[in-house]
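Here's the structure, in structure tokens; my notes come after.
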Amino acid sequence: MAKIQYDGPILEIDKLSISFFTRLREIPAVMDFSVKVAPGEAVGLVGESGCGKSTVALGVMRDLGKNGHIVGGSIKFKGRDMASMSADELRDIRGNEIAMIYQEPMASLNPAMKIGRQLMEVPMIHEGVSEEEAYNRALEVVTDVKLPDPARMLSSYPHQLSGGQQQRIVIAMALMSKPSLLILDEPTTALDVTVEAAVVELVKDLGKKYGTSMLFISHNLGLVLETCDRICVMYSGEAVERGDIKEVFNNMQHPYTQALFRSIPLPGADKNARPLVAIPGNFPLPHERPKGCNFGPRCDYFEEGRCDQGFVPMAAADETGSHETRCLKFTEIDWKAPLIAAETKTKGEIGEVVLSMQNLKKYYEVAANALFGGGEKRVVKANETLSFEARESETLAIVGESGCGKSTFAKVLMGLETATDGQILLDGQGIGNTPIEKRDTKTVADVQMVFQNPFDTLNPSMTVGRQIIRALEIFDIGNSDAERRERMLKLLDLVKLPRAFADRMPRQLSGGQKQRVGIARAFAGDARIVVADEPVSALDVSVQAAVTDLLMEIQREHKTTLLFISHDLSIVRYLSDRVMVMYLGHVVELGTTDEVFSPPYHPYTEALLSAVPIADTSIEKQHIVLEGDIPSAMNPPSGCPFQTRCRWKSEVPGGLCDSEIPPVKDMGNGHQIKCHLSNEILKKMDPVIKIAAE
Amino acid sequence: MEPLTWFGAYAGFFGSFLAVFATLAVLAGLCSMLLALTDSSPRGSFSLFNGIAVVTLLLVGIGYIYNALSPSLSGGMELAALGKILLGLLALGVFAAMLGVFMKTFFDNPAETMGSLFALMLKLIGLTAVAWLGYTLLFAGAGFRDTLASMDPAALPTGEELAQQKRIATMQGRGILASIFMRFLPVWIALGLLFALSMAYKRKLGLYGKLFDNAIGIFGFFLVMFWVFTALFNGLFDMIATHGPLDQLSGMKNKVPGTPLRDISEGAYPFYLLGGDNLARDVFSRMVTGSVIVVMIAPLATLFAFMVGITLGLPAGYFSGPALRKGSLGMIATGVVFGLATLAALVWGGLANFLMLAVILGMLFVLMFRASLDTVLSFLANLILAFPVILLFYLLVTPEIVETGLPQYMAIVLFIFPIVFAGVLISSRFQTDPGKNRFWLMVVLIPMAVLYAVTINAPDSQINLLGPLDFFNPAPGVLVVFVSVVFVNSPTVFRIVRGLALDIHSRDYVAAAQTRGEGPWYIMLWEILPNARGPLIVDFCLRIGYTTILLGTLGFFGLGLPPESPDWGSTINEGRKLLSIYAHPALPPAFALLTLVLGLNLLADGLREESLKD
Ligand SMILES: Nc1ncnc2c1ncn2[C@@H]1O[C@H](COP(=O)(O)OP(=O)(O)OP(=O)(O)O)[C@@H](O)[C@H]1O
Ligand code: SF4
Ligand code: SF4
Ligand SMILES: [Mg+2]
């Protein structure tokens, strides 16, 4: 089938409205939404979860399911209204002209079919090309997406590949039909940062090479800045600001965009230089939107009698009309006014050492045969000689990508696993070999955890109050049910939730609220050490700041030791006192936040820093893309664990990196780096993040 | 006395409409299927085949309508005939209007148009049926009133006779179907109330309320509740059935449906609505009474199977690592239980049984140090599942085996699970508050234990320790059937629960409970089980259906229950023997079984669909 020739914009969405019809009501998911995508252009669509980004994408694909309907406006693809196309034409366009990449790569791959077959099917079905040509084309795109050994890739099944490789295959599949428009819905959210950086780099390059237009959906402003030419900010079903990316980032014209920027931490600055400001309130549900401006109830510039009167139209914010905003007061707001920092809070004094790990090791034995326990045994080294100390009121960040052993370490600390070797001392007492059922209630209550996934952290079948009370019961707090209930309500106050929430079921809470309940539960027994496992990474940016602040506030009051596990270096920079970088079970770097964020770096830290997308146009970043994926912990590389991806390896003489695990080097002041590189070379390293000269 | 006809006095009039609609429905259905097969594109051209199909359809349809009206067209112009003609013309008008619409859209999408025509016909058939039923019920006695009016007032029979005659005449006016409908009146009223209340409050009723948004679910629930209410009214108040399930009336052997009794005693129901079986019992009454057995045993047996499956499946999915560790409490407990069991076998079961059990349990015990609980239990479950069910049943219910007391021993094991379940459920919940714990354990466990003891204890059997204290004994054979059904159902439940537990085990709230130091049973029963309830409820419905079929199978093979029992399986089997001569005794119980199982399956489908939404 021949491609349609057309010179105008590839995609024109005009005043699109989409509603879902449920049994209770109509849910207007997208309202009055317009955007244009020119040939070869990449347009970013950002906004919080539930603001309707995916719905727009699905609307373009005409894949809204049974209960979704376009209730107004039009979508034109290459000048033709998609509403007037027949089912056949639509199918053809979907296969041939528009391709979509979803967040979860496995969702688009057939697990029972070899990759090669899946790729070849595309041109064979849509263009009727011969099998041989299809194979050649498949080989070509797999090479294009920079997968090693393309021929072998084609003959493997999806589950044999890592997440990053799978996503590359999905991209390859999308490129097979040489589409004119590529829709990417959070294509990298499921991936690790360094892998994400590589995939984003790839998408950018391919866009240039094939001249494909892109609609890039993301909640990450930094990513959009790195990939897109234009941006459209969405809030609660509407586009609120639209324009050239630099223009919007440097000269924003909508209060929501501004609030969004103020609520995300930037790795170029710490909490004193640039405090985070959370957006107050909650995202309105589609059927509970306020009258007038949707952002009204959360807007600092809200003006009664004006902002709550009626529909707010999109208006041009500059002469050319390419920058638009949906705010009534944008001409009156002083956009350059500096942020008035809320009262600066003094941090609690860092006190005594409460927790210390000494040469902690955790190995797992994996047996091959379940029934008879025979067969060869393999050892997975999840944690390799971990040593550090954590003090009262201190925040120690533990940074690393998936599989680096963060969770195992947390499990050993909590007593869900026992250490293979080494010591964990809590107040000088060894607990490393005491499983949780043998620990006394006090110890258990002292070491608690906040979990990553807000949708998973609360038992869906129990009321919020009951769950907290259960924690109080088990920690032996309070003498009667009434006393415990009182205490539970106090805990809700502590995490700034209304007391009425006690009788709610978790599904009636937003993600941020659930996470607050999770924090309340962790502090039920006045925990002294709290392990926070990526506590905000699954939350929306506007909520992240509030939850982070809450954690820090409780820490100040309770002098808690916070072990903050994260892969997001921006937030780590923002809140931690010391940072520990882990890779494949090894601590590769340990030091104060400033030491870790400035040279000399461990090569892995350097790459990690460079991979963080930064939503700040004034920052210049060194560009380091790591090749390949994280090796499996089952089968780690010999010598230095990072040697398969290290770009400094050639600087070490004698192939030491391949053969010997590097020693821990003290760079003074307790700053440790585990690398063979000599001090001279380490000293020569340039900072990764620089503020560009004005 | 005249026998009852199927459709009563007004069959002729409504029947002609039904015939027309049914013919059209069949034709339209066939056409739409053929068109869909031959022409997949929606805007297909008007091919020769389509043309022929449509013309045939029209010709046949008009022919039928003419046929239906012809008797009234040829006869004299009576008022009633005029009415019939008018109605006929109305039908023709409707048909013409339909044709108009139909022709307009037909060229766009012939298959779909035919499909909608088919759907319309089905609706019309339903409407006609309702109209027939209403008309029949309202005017059933009209004929008798006419005869009465024409009779000599002096020759009128006495009051009681008159009433009886009137009753019989009314029933004859109604026919069999409408009479059956009237027999079920209490059920209809109960269903009406239940549905009206549920619909009114459906937003407040959680998953149950959501069921009423789902047509399939509503239909399934309707069928299920129909039988549940039938069983309730019949079992508790002796309603609905017309005669006793075991009553044999002279002259009624193998009589066709609607046969009047030979001599009608005072107040007796004057007809066998669905005929008599080969022992001259009323088929209708046996079918209704049979529902009581099914509705009593199937859900309860399923519940027990769930208790067993859950109590074993949760730990299998939850614990990894070897089932027993040397010197652990589990090892001692298992050892004691196994030891006691072998000892009991030695005392009561003789040397052979003792040896067999000792070897099996010994091997199991050793295995448990090497393999995980999951591996051991799954292996056992597979062992049971791999055994042909029917063979297992034959084994379990043969009198020789029953005499050895095996079913009772199995009852001892299987019935202990609900007690264990309840005990663990309570003590894990109140672990932090010993006072409350003791109180609740006592309140719940003591009655359960008493019930357990009297259930497994039976006079004149291997297990008779209680003697005169045994105040409850299930009907003969019921315990055996119950145990067998629980036994074959639990492995499947076990596997489902185990899979769910494995899945939910990886949730953060389970990890959170672990880091709080909760015990494993609290986590399994209060954190995992409630969140597995969706699939379990669905499976529960499906499984009651399987159990119903299993009960039917058991009855069919004459296993377990006494031969004269009116349960559906037995009656089908009895009816089957004369099937080629008299079909009527076998069909009603078969139909009953079919509707109940269908209802349960549809209900499960509806629940599944609704629980997945939002
Ligand atoms: N099938 C559906 N039925 C009812 N409501 C829906 C359906 N799909 C989405 N919605 C609602 O529409 C709104 C927009 O959802 P959408 O998935 O487009 O958000 P999003 O911006 O892509 O969010 P995320 O960042 O979480 O992917 C939400 O309020 C959502 O609850
Ligand atoms: S219209 Fe008013 S409430 Fe809305 S963003 Fe502008 S200033 Fe804020
Ligand atoms: S030891 Fe070698 S491979 Fe490892 S990080 Fe240092 S330079 Fe790279
Ligand atoms: Mg989305």
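Each chain gets a letter, A, B and so on, in the order the sequences are listed, and its residues count up from 1.
At a 4.5 Å heavy-atom cutoff, A:N479 makes no contact with chain B through either its backbone or its side chain. The contact between B:A511 and chain A is made by backbone and side chain atoms together, counting heavy-atom distances below 4.5 Å. For chain A, the nearby parts of B:R429 are the backbone and the side chain; heavy atoms of each come within less than 4.5 Å. Using a 4.5 Å cut-off between heavy atoms, A:F455 does not touch chain B at all. Heavy atoms closer than 4.5 Å to chain B are found in both the backbone and the side chain of A:E473. The contact between A:L458 and chain B is made entirely by backbone atoms, counting heavy-atom distances below 4.5 Å. Using a 4.5 Å cut-off between heavy atoms, B:Q431 touches chain A through its side chain atoms alone.
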Counting only pairs under 3.5 Å, give me each side-chain donor-acceptor contact of residues 513-525 of chain A, with atom names and distances, residues two or more places apart or in other chains.
from: A:Q513; atom 1: OE1; to: A:S510; atom 2: N; distance (Å): 2.9
from: A:Q513; atom 1: OE1; to: A:S510; atom 2: OG; distance (Å): 3.4
from: A:Q515; atom 1: NE2; to: A:F451; atom 2: O; distance (Å): 2.8
from: A:Q515; atom 1: NE2; to: A:Q452; atom 2: O; distance (Å): 3.3
from: A:Q515; atom 1: NE2; to: A:P535; atom 2: O; distance (Å): 2.6
from: A:R516; atom 1: NH1; to: A:V495; atom 2: O; distance (Å): 3.0
from: A:R521; atom 1: NH1; to: A:T457; atom 2: O; distance (Å): 3.2
from: A:R521; atom 1: NH2; to: A:T457; atom 2: O; distance (Å): 2.9
from: A:R521; atom 1: NH2; to: A:T457; atom 2: OG1; distance (Å): 3.2

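Annotation: residues 433-442 of chain B contacts chain A through B:K436 [non-hydrogen atoms, separation under 4.5 Å].
For CZ of B:F219, the number of neighbouring non-hydrogen atoms (other residues, nucleotides, ligands) closer than 6.0 Å is 12 at most. Remark: B:R495 CZ is loosely packed, at most 12 non-hydrogen atoms of other residues, nucleotides or ligands lying under 6.0 Å away. Residue-environment remark: CG (B:L364) exceeds the threshold of 12 foreign heavy atoms within 6.0 Å. By the neighbour-count criterion of 12 heavy atoms within 6.0 Å, atom CD of A:E288 is densely surrounded, having more than that number from other residues, nucleotides or ligands. The neighbour count for B:Y201 OH, taken as heavy atoms of other residues, nucleotides or ligands under 6.0 Å away, does not exceed 12.
A 4.5 Å side-chain heavy-atom check between B:Y509 and A:P460 finds at least one atom pair inside the cut-off. Considering only heavy atoms from C-beta on, A:I436 stays 4.5 Å or farther from B:Q514 through its side chain.
To the nearest 0.5 Å, atoms CG (A:N459) and CH2 (B:W526) are separated by 10.5 Å.
Among all heavy-atom pairs drawn from B:D508 and A:N453, the shortest one is OD2-N, 3.5 Å. The shortest heavy-atom contact between A:F475 and B:R516 is CE2-O, 3.7 Å. Scanning both residues, B:S428 and A:R470, for their nearest heavy atoms gives O-NH2, 3.5 Å.
In terms of the ring-ring contact (aromatic ring centres under 6.0 Å, His included) criterion, B:F338 has no residue partners (sequence neighbours excluded). Partners of A:H567 under the ring-ring contact (aromatic ring centres under 6.0 Å, His included) rule, at least two apart in sequence or in another chain, do not exist in this structure.
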CA sep, side-chain torsions, deciding dist, call: B:T432, A:D476, side chain to side chain contact (heavy atoms under 4.5 Å, CB included): CA-CA 8 Å; B:T432 51; A:D476 230 352; 5.9 Å; no

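Between the side chain of A:Q448 and the backbone N or O of B:T515, at least one donor-acceptor pair lies under 3.5 Å.
Your options are B:G519, B:A512, B:P530, and the one with the most heavy-atom pairs under 4.5 Å with chain A is B:A512.
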